[in-house]
Amino acid sequence: MRSDTAPSRPAIFDVTGLTKIYRTGEVEVRALNGVDLRLEQGEMAVLLGPSGSGKSTLLNIIGGLDRPTSGSVKFKGEELAGASDRDLTLYRRNHVGFVFQFYNLIPSLTAWENVALVTEVATHPMPPADALALVGLESRMDHFPAQLSGGEQQRVAIARAIAKRPEVLLCDEPTGALDSATGIIVLEALARVNEETGATTAIITHNAGIRKIAHRVYSFLDGQIASCELNEERIKPSEVSW
Amino acid sequence: MKAFSMLDRKLIRDLARLWAQSLAVALVMACGVMTLILALGAARALDDTRAAFYDRTRFGDVFASATRAPESLKSQIAAIEGVSAVATRIVNPVIIDITGMAEPATGMLISIPDHGDPAVNRLYLRSGRLPEPGRDNEATVIEAFAEAHGFRPGDRFDVLINGRKRSLSISGIVLSPEYVYAIGPGDMVPDQKRFGVIHMHRSVLEGAYDMNGAFNDVSLTLSRNADQKDVIAWLDSILEPHGGTGAYGRKDHMSDAFLDSELTQLRAMTQVIPPIFLFIAAFLVNMILSRLIALEREQIGLLKAVGYTNATIAWHYAKLTLAISLVGITIGAIAGTRLGHGMASLYGEFYSFPFLVFSQEPDLYVISTLVTFAAALIGAANAIRGAVRLQPAVAMRPPAPTRYRNLFNASAGGFRLPFSQLTVMALRHLVRWPLRTALTTLGTALPVALLITSLFAFDSVEHMIDTIWFQADRQDATLTFAMDSSEDAIREVSRLPGVMAAEPFRAAAATLRNGHRSRNIQIIASNPETDVSRVLDRDFAAVTLPPAGILLSERLAGHLGLVTGDQVDIELNDGQGRRVLVPLVGVTNSYVGLNAHMSREALDRLSGQGGLISGARVIVDESRLDDLYAEVKQTPAIASVALQGISRQRFRAVIEENIGISITIYVTLAVIITFGVIYNSARIQLSERARELASLRVFGFTSGEVSSVLLTELGVMVLLAQPLGWLIGHSFSVLVARGFETDLFRIPLIINPSTYAVSSLIVLGGALVSALIVRRRIDRLDLIRVLKTRD
């Protein structure tokens, strides 16, 4: 493992001086405090850190769900910080895939339909069945979320996120609600997707064991990046010790 | 003072948080309470006032008229078993000439005893005094007429009595139980200016009409256990030789029948409208409370875990329900009382009572409160039961995910309907909770139905106006002679100023029988082919009156149990007692009264007195109306005149004013229901699906697309509600039309397509506004928070 110095591939995200302050009543919370960060095309990054260290806030801002208080976020050279609601919606729709801890599947739609929900509005999607095959769920396409296990639900969520062929895949604690065996299956799906689609993938996790599957690891502390490391040798998800 | 318990604090904060939804429900309840108090209060006011007034004035139970009966019959009549008092009178129509008013007014001139009060139908003196003996030109007039002309005791006006003009001096202004609802000849609604009732001493009228020792009108009161039917039969047999036209009871008395129909309407309102509102309120309470309890599942678990009893928790949610109801009851009671006063003063315009006070008895409010509480608690019961049944350990875990069924699309590989996944989401959600969907649909259909039921009156009235005044009675005026005259009289009428066409008619009182059934009516005989006034068949086509046979209006034929081709047993009430069988040759359409028509030829043959006419219907050159009026006022042979043109205008004005008021009320009620149902439904959907909808926003769906899920669901229910509403509205309208049907008039059931459309548009508009209010909340969904929480 070595410290990151020179960029090797073109940047998909270029973040400089990012600050986010939340005000709830009289309390002011500085969630991000002058963060600089760079994600390269096709790489898999893991964001590590304790609760409240600012990783989710960063993910929300680069995912177009939230706006920074100050600083700059460039997606392929385009500034996101001052974008309108409508532009952010289009940005999410065309470029970003999300995976969340609690899956956020639509309970009234089957697995296939949950994926089709997104492909219907995407510009160059893959067929929903292909996306589900990519996560190994080709035999569970007609099942509703209530009929699927947690791991299966999360894989549907991954299929849904990648079916639009996004340039960015943002995963917030994707294994947080899963046991280790299921978590590994989900990570395998993410690694495979990263490999095969070339989507830049950022994964937030509490689980330090996962760090080794990534190209790059950012560690967060108190709203700042404490360290950034590049993995010279990555391990397979099946080798992750939970 | 005991401080609020913690649960009560929670209750107050819950109410504050849910204020908009609670208010929407409270308003629906308020409508129920308001209509209940209004209708029940008004019905009581009318009923009690009527009973008190009738009692005080000794209003008759049985009424009859004859052509000329000797006073000696009075004792025979009094001897009929069950009769407690008899008043014989002289009653005649007159033409009234009022200075400054071009058109002649018509009046009823009624005798009162020279000394003392009448035994039946006493007058209620409002101002002045009754005529004094010896003062032959003194008279009393009814209050409505006096007010319309600004008359006060001492004022004078002219009357044409039996061909002689007399100037009368008003000694007093009175109310009469016979003319609480005073309606003139040919009129459909009261016209206080053109119809007056005048009372004068019997001796004066005996002289004026050459009726010494005779009477032509009798009213009776009956003892408590009297058999009215028997009395009527006896009275008819006594009066028959003297031109008795058939006795009738109070329910067929014009004034009382109108009061009765108003009461019927109010009672229908009490029985139909409040239950609709309370049903919807109960449903809304159920919806809101179920959702609240679902959201507070973990709190309920916690409360139980720390030792709160089921009863305490049930009472907590019951109190929330009662608090919402209390707001509704308060608003409803205030609105109902205020509208009740308005209604009472509206009645004051139409009904001449000495007093009419809107009933505000406490029990009215107690009943409304109890009924509303009961409806709300019934609505809450199921939700509260759910809270009680929750086991603490289970309650503190999140509920199991909802299972859906694979409807509206086959499997992934198979045939797929052309619905987007957003539409499929909406439709599956609707099907997942079929009862809620059905009740929301019904809740939206009811305001449509309510609107149709109130708006159809416009269509029916327009149709009535067209049928009565533009298809059937197209004359400008109907002149009725003082006595039947020879056919030559029609030429005299034609020569009156401004008369462009005149058609003769003959009217003859008769008893029509079929077996044990009988009815006393007037047979109207006209020329076979008439153009001014026409008889219409059931398809509204003009009928040519055949040389023989009789035509009866549908309701009369129904009463007598006759169909076309049957023989009608007819006895003219001319004192000759001859009964003839005449074939029923057709059934006619009529909205007013019971009608029997013959050709003049047929009636002349039946009576054996050829070529008599009772009056004429005339078309008048509008520019010469005043000349005609002036002439009529001077013509002794004309006993009364009905001005159809003015009646029509007056009818339209009065009905439109009344309908206008009721439509304003009904539209308000409909909009409140729509808002209550749709707003609450949308809010609850939003609450249940906030996470789903926020997820959609995260995936890059626009607010508009996300809203479409909610709006599709609402849209499907609102659209399904329309045909359902039309169906219910049509059925309600049928009931209303039937409820109003009496022998005096009936309301045709006419619902124009535009009425369905307008009713739907009002509800669709209300639904759209409610939905858009909720849609704004979708724009403000907190995307980040919902992603961090589980369902």
Side-chain angles (χ1 to χ4, degrees), chain A residues 22 56-57 59-61 63-66 85-86 88-98 100-122 127-129 132 138 140-148 153 157 160-161 164 166 170 172-173 177, chain B residues 398-414 416-433 688-706 708-709 713 779-791:
Chain A
Y22 291 109
S56 290
T57 306
L59 203 76
N60 288 338
I61 292 174
L65 290 173
D66 206 352
D85 230 20
R86 185 178 164 69
L88 286 182
T89 301
L90 280 176
Y91 162 69
R92 295 197 300 269
R93 184 173 188 143
N94 295 328
H95 304 290
V96 189
F98 286 101
F100 299 101
Q101 182 179 3
F102 297 117
Y103 332 128
N104 289 67
L105 296 181
I106 306 296
S108 56
L109 297 181
T110 62
W112 188 91
E113 288 165 342
N114 261 287
V115 180
L117 175 72
V118 170
T119 59
E120 274 176 1
V121 295
L132 286 164
E138 52 274 62
R140 312 283 278 166
M141 291 199 291
D142 288 331
H143 288 66
F144 282 95
Q147 298 166 306
L148 297 172
Q153 289 188 54
R160 179 178 62 190
K164 66 166 112 167
L170 303 178
D172 195 348
E173 300 270 11
Chain B
T402 311
R403 283 176 170 274
Y404 285 84
R405 284 197 296 155
N406 196 350
L407 293 168
F408 303 107
N409 257 332
S411 62
R416 304 192 68 82
L417 291 165
F419 291 143
S420 74
Q421 301 308 327
L422 296 180
T423 311
V424 171
M425 279 172 72
L427 298 180
R428 287 212 183 121
H429 200 251
L430 284 174
V431 174
R432 180 62 186 76
W433 283 278
E688 285 174 349
R689 310 183 72 178
R691 195 177 137 83
E692 245 176 84
L693 300 180
S695 299
L696 291 176
R697 288 283 287 124
V698 168
F699 302 146
F701 287 91
T702 61
S703 299
E705 287 165 333
V706 173
S708 77
V709 178
E713 280 191 45
D779 297 340
R780 286 179 290 175
L781 277 178
D782 186 341
L783 302 190
I784 294 159
R785 205 184 56 176
V786 291
L787 298 174
K788 281 287 175 192
T789 53
R790 15 185 349 148
D791 270 328

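Every chain is numbered from 1 and lettered A, B, ... according to where its sequence line falls, protein lines coming before strand lines.
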Any chance you could lay out the side-chain contact (heavy atoms from CB on, under 4.5 Å) test for A:Glu113 and B:Met425, step after step, and finish with the verdict? CA-CA 10 Å; A:Glu113 288 165 342; B:Met425 279 172 72; over 6 Å; no
Assess the residue pair A:Thr89 and B:Phe701 against the criterion (side-chain contact (heavy atoms from CB on, under 4.5 Å)); give the C-alpha distance rounded to whole Å, side-chain angles, the decisive distance to 0.1 Å, and a yes or no. CA-CA 7 Å; A:Thr89 301; B:Phe701 287 91; 6.0 Å; no
Taking salt bridge (Lys or Arg N to Asp or Glu O under 4.0 Å) as the definition, give me every residue that meets it alongside B:Glu705, ordered by chain and number, with sequence neighbours left out. A:Arg93
Would you say A:Arg86 has more than 12 foreign heavy atoms packed within less than 6.0 Å of its CZ? no
Given a strict heavy-atom distance threshold of 4.5 Å, which part of A:Ala116 is in contact with chain B: side chain, backbone, both, or neither? both
Does the pair B:Glu692 and A:Leu109 meet the rule for a side-chain contact (heavy atoms from CB on, under 4.5 Å), with working shown? CA-CA 11 Å; B:Glu692 245 176 84; A:Leu109 297 181; over 6 Å; no
Non-hydrogen atoms of chain B under 4.5 Å away: do they reach the side chain of A:Asn114, the backbone, both or neither? neither
Test item: B:Arg428 side-chain N/O and A:Ser108 main-chain N/O as donor-acceptor pair under 3.5 Å: yes
What part of B:Leu422 lies closer than 4.5 angstrom to a heavy atom of chain A: side chain, backbone, both or neither? both
Side-chain contact test, heavy atoms from C-beta onward, threshold under 4.5 Å: evaluate it for A:Val96 versus B:Val698 and give yes or no. no
Flag the one option from A:Val118, A:Asp66, A:Leu117 with the top tally of heavy-atom pairs under 4.5 Å to chain B. A:Leu117
Measure distances from B:Arg432 to the heavy atoms of chain A and classify the residue's part below 4.5 Å as side chain, backbone, both or neither. neither
Give a yes or no on whether the backbone of B:Gln421 and the side-chain of A:Glu120 come within a donor-acceptor separation of less than 3.5 Å. yes
Report the C-alpha separation of B:Phe699 and A:Arg160 in whole Å, then their side-chain angles, then the decisive distance to 0.1 Å, and conclude whether the side-chain contact (heavy atoms from CB on, under 4.5 Å) test is met. CA-CA 9 Å; B:Phe699 302 146; A:Arg160 179 178 62 190; 2.8 Å; yes
Separation of B:Ser703 OG from A:Asp85 CG (nearest 0.5 Å): 6.5 Å
Are A:Ile106 and B:His429 packed together at the side-chain level, in the sense that at least one heavy-atom pair is separated by less than 4.5 angstrom? no
Can you tell me how far CZ of A:Phe98 sits from OG of B:Ser695, rounded to the nearest 0.5 angstrom? 11.0 Å
